[in-house]
Amino acid sequence: MLAEELFALFKRRGVLWPSAEIYGGAQGLYDYGPSGLALKRKVEEAWVGWFLGLSSDYYLIDPAELLPEAVVRASGHLENFADLEVVCEKCHTASRADALLEEHGVTNAEGLRVEEVSALLAEKAIPCPRCGERALSVPRPFNLMFSVEFGAVGRERAYLRPETAQGSYLSFARMWEVGRKQLPLGLAVVGKAFRNEIAPRQVLFRMREFTQAELQIFFDPESFSVPLEKVKDLSLPVLRAEARARGETEATGTAPSDLVAAGLPAFYVYHLAQEFRFFTRVLRYPADRLRFLEKNEKERAFYNRIHFDLEGDLPSLGGFRELGALHYRGDYDLGRHSQGSGTDLSVTTATGRHVLPHVLELTFGVDRNVWALGDLHLSREGPGTPGEEEARTVWKLPAHLAPTPVAVLPLMRKEHGPTAEALALSFREAGIPATVGLTASIGKRYAREDELGTPFCLTVDATTLADGTVTVRDRDTRKQERRPMEGLPEHLRPAFFLPRPWKTA
RNA sequence: GCGGUCAUAGUGUAGUGGUUAGCACGCAAGCUUCCCAAGCUUGCAACCCGGGUUCAAAUCCCGGUGACCGCACCA
C-alpha cells in the first residue's frame with residue numbers, strides 16, 4: 001500500500017490526521033483520533049508489559065518533559081546551540097557559518113539572522129575551508145531542541161526534551177534508593193519527545209512531536225548476567241557493519257550464541273533477542289520483514305559502543321525503516337550528569353565495588369510502529385466467491401492490539417437492536433470495549449469493522465431471540481460459529497491478553 | 001533548506017476565464033432485507049489561505065501554507 005493510500009485510510013477512519021488542518025496544517029504534527037489512540041495506547045501497554053516483564057527490577061516512571069538548561073548542557077544536547085551550520089556539498093564537511101564569515105572579514109557575525117548570514121555567504125562566495133570548492137549549502141540552525149522561557153522573569157531557560165531517556169538518567173539516583181540498590185536497574189519512560197526537525201517527512205517517521213518508549217537498563221559491566229538459554233533457538237536476522245562494508249545488503253539468520261561468539265556481549269544479544277520476540281510475537285510483524293542493522297562507527301553517535309537498529313521493511317515507504325534500536329551507551333550518560341550536577345552517580349555493588357553504571361538503551365518509536373502496524377497488517381483482499389465480488393480491506397491486527405475488540409451487529413435494527421445493546425453492555429461490564437453497529441446492510445457493517453481491524457463481530461439474529469445464541473465471526477477467515485451469549489466475554493477474553501516475555505507459546 | 005510536481009465535498013476525482021462546480025464511493029434518514037460494501041427514495045457535503053490581473057478567476061500571475069518525489073539533514 002502506498003503511503004498516500006494508507007494515510008487517506010487513516011484520515012477517513014479517524015485513526016490520525018494532520019494537526020491544525022483547518023489552518024492548512026502544520027509540518028510534522030499529527031493528531032490521533034479515537035481508533036488511532038486506542039491502538040497507540042495498546043501498543044504502549046504491550047511494550048511496557050513486555051519489557052517490564054523482563055525483570056522485577058525494571059520500573060516505569062514518568063519524568064518531566066521540560067529539561068532545565070543545565071541538564072541539556074551536561075547531556076551534550078546544547079553544544080553548538082544557536083549557531084548556523086553550512087555543509088560542503090562536495091566533501092560533506094560541516095562548518096560554523098559565523099566562524100567562516102569572521103575569517104572572511106565580517107565582524108559580529110554571531111547574532112546575525114539566517115537570511116543575513118545566507119546573503120553574506122553568497123555575496124562573499126566563500127569556499128569550503130577543507131576542500132576549497134565553492135559548494136557550501138545554505139546555512140541552517142544546528143540545534144534541534146525547542147526552547148522555552150522559564151520562571152517569573154523569564155531569565156531561565158528550559159528545553160522540551162529531545163528524547164525521553166534524559167529523565168531516566170536524572171531519576172537514577174532517586175530510583176537507586178527506591179529500587180533498593182539493585183543492579184541491573186531498568187527505568188522505562190513512555191511519552192512525548194520534541195525535535196525541531198528541519199524537514200519533517202514521511203508522515204509519522206519524522207515528526208516534530210512524537211512518542212517514544214525507552215528503557216534504560218543501568219548495569220555493572222562486570223556482572224550483568226542474562227538467561228541467554230531462553231532465546232537460544234531464535235534465528236535473528238542480522239546485518240553486521242563489517243558485512244555491510246563488504247557490500248552485503250541481506251540480513252543473515254544468526255543464532256544468539258553465534259553473535260556472542262562473534263564478540264557481542266551476552267547481555268546485548270539477549271536484549272536483541274527479546275526485542276525480536278516482541279516485534280514478532282506482540283506486534284506480529286512477519287519475521288522476514290525485519291532485520292537488525294548494525295550501525296558503523298560513522299553512523300552511530302560517538303558514545304554508542306554498540307548500535308543496532310531494528311528495521312521493518314515497509315512497502316509504503318519503499319524499504320527498511322527504523323522502528324526501534326538498541327544502544328550500548330557505556331557510562332557516558334551517568335558520567336556526564338555526574339560532572340554536570342556535581343552529584344557522584346557511581347554506586348557500590350553487592351560485591352563491594354564502586355562502579356559508574358553502564359547503560360543499555362532500548363528505544364521504540366510508538367508512532368512509527370502505529371504506521372508500521374497499518375502497513376504490515378492491512379490486507380487488500382481480492383474479489384471473493386460469487387456473491388462477494390467486491391474487493392475489501394482487512395486490517396489484520398493482532399486481536400490484543402485492536403482498537404475495537406468486539407462489535408455487536410443486530411441483523412435487523414428494530415427486532416434485534418435491544419438485544420445487541422444488552423450484549424455489548426455485558427462485554428463492557430466485563431472490561432472489554434464493545435460497540436454496536438446499527439446502520440447499513442450487514443455486509444457493509446462487516447466491511448467497516450474489517451477495515452478498522454475489529455477481530456470479532458457478534459451478530460444478533462432471529463435465532464438469538466429464540467435460544468440466546470449469537471454468531472461469532474472471525475475477521476480474517478470470515479468463518480462464523482454460533483455460541484451462547486452467556487459467558488461469551490469470558491470465552492473471548494484470552495484473545496485480548498497481551499503477550500508476556502516469559503510465556504513460551 | 002534547495003530543485004521538481006501538486007492542492008476541488010469525509011475519500012478518490014472531473015472541470016484551460018462565464019458551469020445551478022459534475023461523477024463515484026461515503027455518510028445520514030426512511031423503506032426493504034435473516035449474514036458479508038445488494039436495491040429504492042430523500043438528504044448532507046468542496047474550489048488551501050492572502051493579494052493581484054480581468055466586466056468576470058476553481059481556472060491566469062505573485063506570495064504564503066501544506067503534501068509528494070529527489071538532494072541535503074536526522075545532533
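Within every chain, numbering begins at 1; the chains are lettered A, B, ... in the order of the sequence lines, protein sequences first and strands thereafter.
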Matching residue for A:His358 among A:Phe218, A:Phe172, A:Tyr328 - test: ring-ring contact (aromatic ring centres under 6.0 Å, His included) = A:Tyr328
Nucleic acid footprint by protein, nucleotides 5-14 of chain B - heavy-atom cut-off 4.0 Å, B for base, S for sugar-phosphate alone = ------SS--
ask   = More 5' along RNA chain B: A:Arg413 or A:Thr471, using each one's nearest nucleotide?
value = A:Arg413
task = Kindly indicate, with the supporting measurements, whether the criterion side chain to side chain contact (heavy atoms under 4.5 Å, CB included) is fulfilled by A:Trp395 and A:Thr454.
result = CA-CA 8 Å; A:Trp395 198 356; A:Thr454 306; over 6 Å; no
request  = Please check the phosphate of B:C25 (OP1 and OP2 only) for any side-chain N or O of A:Lys444 closer than 4.0 Å.
outcome  = no
task = Measure from CZ on A:Phe302 to P on B:A75 and round the result to the nearest Å.
result = 12 Å
request  = Could you state the atom-to-atom distance from CD of A:Glu451 to C1' of B:A37 in whole Å?
outcome  = 10 Å
ask   = Counting heavy atoms not belonging to A:Glu486, are there more than 12 under 6.0 Å from its CD?
value = no
task = Any strand is fair game: report the nucleotide pairing with B:G17 by Watson-Crick or G-U wobble, both distances under 3.5 Å, or none.
result = none
inquiry  = In whole Å, measure the gap between the C1' atoms of B:A67 and B:U8 for me.
reply    = 15 Å
query = Is the count of non-hydrogen atoms from other residues, nucleotides or ligands lying under 6.0 Å from A:Glu322 atom CD greater than 12?
reply = yes
inquiry  = Rounding to an integer number of angstrom, what distance separates B:A24 and B:A14 when you compare their C1' atoms?
reply    = 11 Å
ask   = If you check the A:Arg392 side chain, which of B:C35, B:A37, B:A29 turns out closest?
value = B:A37
query = Do the side-chain N or O atoms of A:Lys414 get closer than 4.0 angstrom to the phosphate oxygens (OP1, OP2) of B:C31?
reply = yes
message = Taking the P atom in each of B:G18 and B:U33, what is the distance between them to the nearest angstrom?
response = 49 Å
query = Ignoring hydrogens and angles, are the base of B:C27 and the side chain of A:Arg448 linked by a donor-acceptor pair under 3.5 Å?
reply = no
message = Would you measure the distance from the C1' atom in B:G17 across to the matching atom in B:C61 and give it in whole Å?
response = 13 Å
note = From CZ of A:Arg208 across to C1' of B:A67 the rounded distance in Å is 14 Å
query = Among B:A67, B:A29, B:C34, which is the nearest nucleotide to the side chain of A:Tyr30?
reply = B:A67
message = Tell me which nucleotide, if any, is Watson-Crick or G-U wobble paired with B:A9 when both distances must be under 3.5 Å.
response = none
Gap in Å between the two C1' atoms, one belonging to B:C23 and one to B:A46, rounded = 13 Å
query = Are any of A:Gln27's side-chain N or O atoms less than 4.0 Å away from OP1 or OP2 of B:A67?
reply = yes
task = Can you tell me the pairing partner of B:C27 across any strand shown, Watson-Crick or G-U wobble, with both distances under 3.5 angstrom?
result = B:G43
ask   = Going by the angle between their ring planes, with limits at 30° and 60°, are A:Phe308 and A:Phe292 parallel, tilted or perpendicular?
value = perpendicular
query = In terms of the angle between their ring planes, are A:Tyr332 and A:Tyr303 parallel, tilted or perpendicular, with boundaries placed at 30° and 60°?
reply = parallel
Toward the 5' end of RNA chain B, by each residue's nearest nucleotide, A:Tyr303 or A:Gln202 = A:Gln202
task = Tell me yes or no: between the side chains of A:Gln216 and A:Ser168, is some donor less than 3.5 Å from an acceptor?
result = no
query = B:C73 C1' sits how many Å from A:Glu322 CD, rounded?
reply = 15 Å
message = Using the side-chain heavy atoms of A:Tyr446, tell me which of these nucleotides is nearest: B:A38, B:C36, B:A28.
response = B:C36
query = Counting side-chain heavy atoms from C-beta on, which of B:A75, B:C68, B:C73 comes nearest to A:Arg206?
reply = B:C73
ask   = In the strands shown, is B:C73 matched to any nucleotide by a Watson-Crick or G-U wobble pair with both distances under 3.5 Å, and which?
value = none
message = Rounding to an integer number of angstrom, what distance separates B:C36 and B:G10 when you compare their P atoms?
response = 32 Å
remark   = Rounded to whole Å, CZ of A:Phe205 lies from C1' of B:A67 at a distance of 18 Å
ask   = Among B:A75, B:C36, B:C35, which is the nearest nucleotide to the side chain of A:Pro162?
value = B:A75
key: Test item: A:Glu209 side-chain N/O and A:Phe194 main-chain N/O as donor-acceptor pair under 3.5 Å   = no
query = Has the side chain of A:Arg473 got a donor or acceptor that lies under 3.5 Å from a partner of the other kind on the base of B:C35?
reply = no
ask   = Hey, does the Lys NZ or Arg CZ of A:Arg473 hover above the aromatic six-ring of A:Tyr446, less than 6.0 Å from the centre and inside 45° of the axis?
value = yes
message = Taking pairing as Watson-Crick or G-U wobble with both contacts under 3.5 Å, can you name the mate of B:A56, or confirm there isn't one?
response = none
task = Taking only the side-chain nitrogens and oxygens of A:Thr463, find out if one of them lies under 4.0 Å from OP1 or OP2 of B:C34.
result = no
inquiry  = Tell me which nucleotide, if any, is Watson-Crick or G-U wobble paired with B:C68 when both distances must be under 3.5 Å.
reply    = B:G4
request  = Let me know the distance between CG of A:Leu438 and C1' of B:A28, rounded to the nearest Å.
outcome  = 13 Å
ask   = Quick one: are the ring centres of A:Trp371 and A:Phe210 less than 6.0 Å apart?
value = no
P gap between B:A28 and B:C60, integer Å = 37 Å
key: Between B:U13 and B:C71 - C1' atom distance, rounded Å   = 32 Å
message = At less than 4.0 Å, is any side-chain N or O atom of A:Thr459 found next to OP1 or OP2 of B:C35? Yes or no.
response = no
key: Integer-rounded Å distance: B:C74 C1' and A:Glu311 CD   = 14 Å
query = Paired with B:A37: which nucleotide, if any, by Watson-Crick or G-U wobble criteria at under 3.5 Å for both distances?
reply = none
remark   = The nucleotide from B:A37, B:C35, B:C34 with an atom nearest the side chain of A:His416 is B:C34
